[in-house]
Amino acid sequence: MIEKETTQFKPSLKLMDATMLVAGSMIGSGIFIVSADITRNVGSSGWLLVVWLITGFMTLTAALSYGELSAMFPKAGGQYIYLKEAYNPLISFLYGWSFFTVIQTATIAAVGVAFAKFTAYLVPALSEDLVAVDLGFFTISPAQLLAIGVIILLTYINSRGVNGGKVIQTTFTVAKLLSLFGLIAFGLFFLDKGIWKTNWENMWVLGSLSTDGNIGSYTTLAAFGAIAAAMVGSIFSSDSWHNVTFIAGEIKNPARNIGLSLALGTIMVTVLYILTNVMYTSVLSLHDIAYADKDRVAVSAANHIFGTAGTIIIALMIMVSTFGCNNGLIMAGARVYYSMAKDGLFFKKVGTLNKNAVPGFGLWIQCVFACLWCISGKYGDLLDMISFVVVMFYMLTIFGIFILRKKRPDAERPYKAFGYPVLPIIYMVMGLAFCILLIMFKPKFTWPGLIITLIGIPVYYLIKGNILRQDLKSKDRLM
């Protein structure tokens with residue numbers, strides 16, 4: 001039986017659903033892990049919180065700025081559409097290209113493997129250290145197979161319509177918000193006064209924390225580089241807040257609800273992340289945070305609070321968190337490819353909706369690519385590299401507000417960027433400083449991601465050339 005297609009998205013997501021998508025897409029496994037690397041880079045509790053505060057400020061500023069763009073262009077595709085309207089199709093294609101090749105698909109893979117890794121705490125047979133399939137030239141672990149299974153399951157659910165994904169997103173996001181607040185409350189209740197005092201005695205010392213507990217000093221420039229390097233983890237943990245803009249066509253009253261959901265979701269998660277790190281410093285020494293086993297800071301904190309049951313509690317929390325996070329990533333990502341296909345810059349079939357009014361083919365293309373990242377074993381390295389690219393496109397998008405205010409001064413703007421022009425300028429200055437410092441001090445985190453993005457330039461012109469040839473052939477046939 002041939003599946004019937006529809007031509008329009010169905011607006012069925014309310015403000016609550018949109019807010020849960022923002023928060024749920026942001027909270028994955030990062031907050032449970034990355035504070036270890038941040039602490040190693042900055043060496044003190046005060047600077048640990050400063051890194052999270054800077055990231056939170058940048059995230060909230062960007063979200064409030066995106067509110068203006070989402071109100072102007074309440075269409076499926078979000079950031080891809082904003083870049084096309086402000087600049088040109090090439091810039092928007094480079095974003096879509098990076099989004100498909102690394103940003104979204106590799107993130108889906110990494111979050112899926114994180115789900116599997118923590119499932120293995122409860123079911124050791126699913127460990128990433130075991131071999132499930134041996135093909136000779138490479139092996140596949142049970143954890144990788146489970147990650148693939150979860151991605152396929154969530155893709156299937158979302159291909160059946162937006163309501164199934166909505167229920168999962170809201171349910172799992174509420175569950176992880178409540179569980180995180182619970183962990184924070186228990187941690188602060190069982191605060192260790194001795195540890196707290198020690199951690200906060202020299203809260204503004206900035207330096208690298210070694211395994212023996214000594215803090216190495218930085219030169220002024222190196223100190224800025226260390227903060228930028230530390231922010232790679234916090235930015236990754238706070239990313240994907242803009243996924244809600246991709247599904248604008250399925251949100252009721254998008255001109256109002258997208259901007260509001262961006263503000264509510266990012267504020268909620270930023271507060272939660274700050275409180276989580278305060279909790280870490282109340283039960284663990286800085287050395288224990290920095291050198292937690294495999295960087296699993298939350299596991300160490302939970303073991304301190306709950307004893308041996310702590311590992312099981314955190315495993316369950318991260319399973320809930322990553323499952324819900326991946327649902328949001330999978331749901332939103334395909335809408336970008338849909339918009340690209342409508343512009344003739346992706347497979348034509350991706351630009352169609354199935355009988356359930358969702359881009360089913362786009363969802364399955366995304367699924368295949370994410371599953372390939374799961375078995376490649378290289379997605380972890382690439383995720384470190386995309387922070388540079390992600391912030392670069394955020395800056396371009398926010399600068400697009402200035403461009404559109406000039407190009408289209410009379411365009412309808414139901415909402416205007418809060419703090420314009422001061423806050424957007426501050427964001428761009430901070431983002432530019434972050435990118436420059438990463439180029440200087442962490443080139444391995446920048447050049448590969450930038451090269452992947454730039455490869456999109458010849459790909460774009462190859463596609464455009466093919467479109468031009470097809471148009472010429474069509475004209476010849478008509479003559």
Side-chain angles (χ1 to χ4, degrees), residues 28-52 55 110 113-114 117-118 120-121 127-129 180 183-184 186-188 190-218 222-223 225-237 273-315 317-318 380-381 383-384 387 441-442 444-445:
S29 58
I31 186 58
F32 302 98
I33 298 170
V34 300
S35 291
D37 184 64
I38 295 172
T39 305
R40 288 195 294 270
N41 274 288
V42 299
S44 64
S45 54
W47 284 104
L48 169 65
L49 291 192
V50 165
V51 166
W52 284 102
T55 302
V113 172
K117 284 181 178 179
F118 282 90
Y121 271 121
S127 172
E128 62 183 317
D129 298 323
L180 259 176
L183 180 64
I184 291 165
F186 274 104
L188 295 178
F190 289 106
L191 179 147
D192 186 313
K193 293 182 180 178
I195 288 175
W196 177 268
K197 182 181 178 182
T198 301
N199 284 344
W200 291 92
E201 272 180 340
N202 299 302
M203 60 183 287
W204 298 120
V205 173
L206 179 60
S208 58
L209 184 61
S210 63
T211 53
D212 59 10
N214 292 322
I215 300 177
S217 59
Y218 291 124
I227 292 170
M231 285 177 62
V232 167
S234 59
I235 283 177
F236 172 66
S237 301
Y273 281 1
I274 297 298
L275 290 176
T276 300
N277 281 277
V278 170
M279 181 273 292
Y280 289 155
T281 64
S282 73
V283 296
L284 298 173
S285 69
L286 288 176
H287 181 273
D288 288 342
I289 294 172
Y291 294 97
D293 182 39
K294 295 183 178 179
D295 286 354
R296 292 166 180 157
V297 183
V299 172
S300 297
N303 283 338
H304 183 93
I305 299 166
F306 302 110
T308 54
T311 299
I312 296 174
I313 291 169
I314 288 297
M317 282 180 63
I318 295 179
D381 296 336
L383 285 178
D384 287 334
S387 292
F441 291 94
K442 290 281 185 177
K444 69 178 182 179
F445 288 106

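Computed from a predicted model, the values in this text were never measured in an experiment. Here, residue 1 is the first one in the sequence, and each next residue gets the next number.
- Shown here for V42 and A230, the closest heavy-atom pair between the two residues is CG1-CB, 4.1 Å.
- The salt bridge (Lys or Arg N to Asp or Glu O under 4.0 Å) check on R40 picks up D37, D295, with sequence neighbours excluded.
- Residues S234 and V34 approach most closely at N-CG2, 4.4 Å, considering heavy atoms.
- In this structure, CG on L206 lies 9.5 Å from CG on N41, to the nearest 0.5 angstrom.
- Pairs engaging residues 195-210 under the side-chain hydrogen bond (donor to acceptor under 3.5 Å, both in side chains) rule: W200-T281, S210-D212 [sequence neighbours left out].
- Separation of atoms CZ (F32) and OG1 (T276) is listed at 7.5 Å; rounding is to 0.5 Å.
- Residues meeting the side-chain contact (heavy atoms from CB on, under 4.5 Å) test with F306, sequence neighbours left out: L183, F186, A302, I313.
- Contact check for F236 versus T55: no side-chain heavy atoms found under the 4.5 Å cut-off.
- Checked against ring-ring contact (aromatic ring centres under 6.0 Å, His included), Y280 has no partners two or more places apart in sequence or in another chain.
- Annotation: side-chain hydrogen bond (donor to acceptor under 3.5 Å, both in side chains) contacts of S282 (sequence neighbours excluded): none.
- Checking each of D288, I289, V51, N277 against T39 for a side-chain contact (heavy atoms from CB on, under 4.5 Å) leaves exactly one that passes, namely I289.
- The side-chain hydrogen bond (donor to acceptor under 3.5 Å, both in side chains) contacts involving residues 302-314 comprise N303-T311, where partners must be two or more places apart or lie in separate chains.
- In this structure, the separation between CE on M279 and CD1 on I305 is 5.0 Å, given to the nearest 0.5 Å.
- Within the 4.5 Å cutoff, no side-chain heavy atoms of I195 are placed close to those of V283.
- When the ring-ring contact (aromatic ring centres under 6.0 Å, His included) test is applied to F441, no partner is found at least two apart in sequence or on another chain.
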Decide side chain to side chain contact (heavy atoms under 4.5 Å, CB included) for V299 and K294; before the verdict, give the C-alpha distance in whole Å, the side-chain angles of both, and the deciding distance to 0.1 Å.
CA-CA 10 Å; V299 172; K294 295 183 178 179; over 6 Å; no
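- Rounding to the nearest 0.5 Å places CG of L286 at 11.0 Å from OG of S35.
- Every side-chain contact (heavy atoms from CB on, under 4.5 Å) that S300 has, sequence neighbours left out, goes to L284, A292.
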L275 and L180: side chain to side chain contact (heavy atoms under 4.5 Å, CB included), yes or no, with the steps?
CA-CA 10 Å; L275 290 176; L180 259 176; over 6 Å; no
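- Judged as a ring-ring contact (aromatic ring centres under 6.0 Å, His included), and not counting sequence neighbours, the contacts of Y273 are W52.
- Taking the side-chain contact (heavy atoms from CB on, under 4.5 Å) definition, one finds that A226 meets it with Y218, sequence neighbours left out.
- Counting only residues at least two apart or on different chains, no salt bridge (Lys or Arg N to Asp or Glu O under 4.0 Å) pair has a member in residues 299-312.
- The salt bridge (Lys or Arg N to Asp or Glu O under 4.0 Å) contacts involving residues 305-315 comprise nothing, where partners must be two or more places apart or lie in separate chains.
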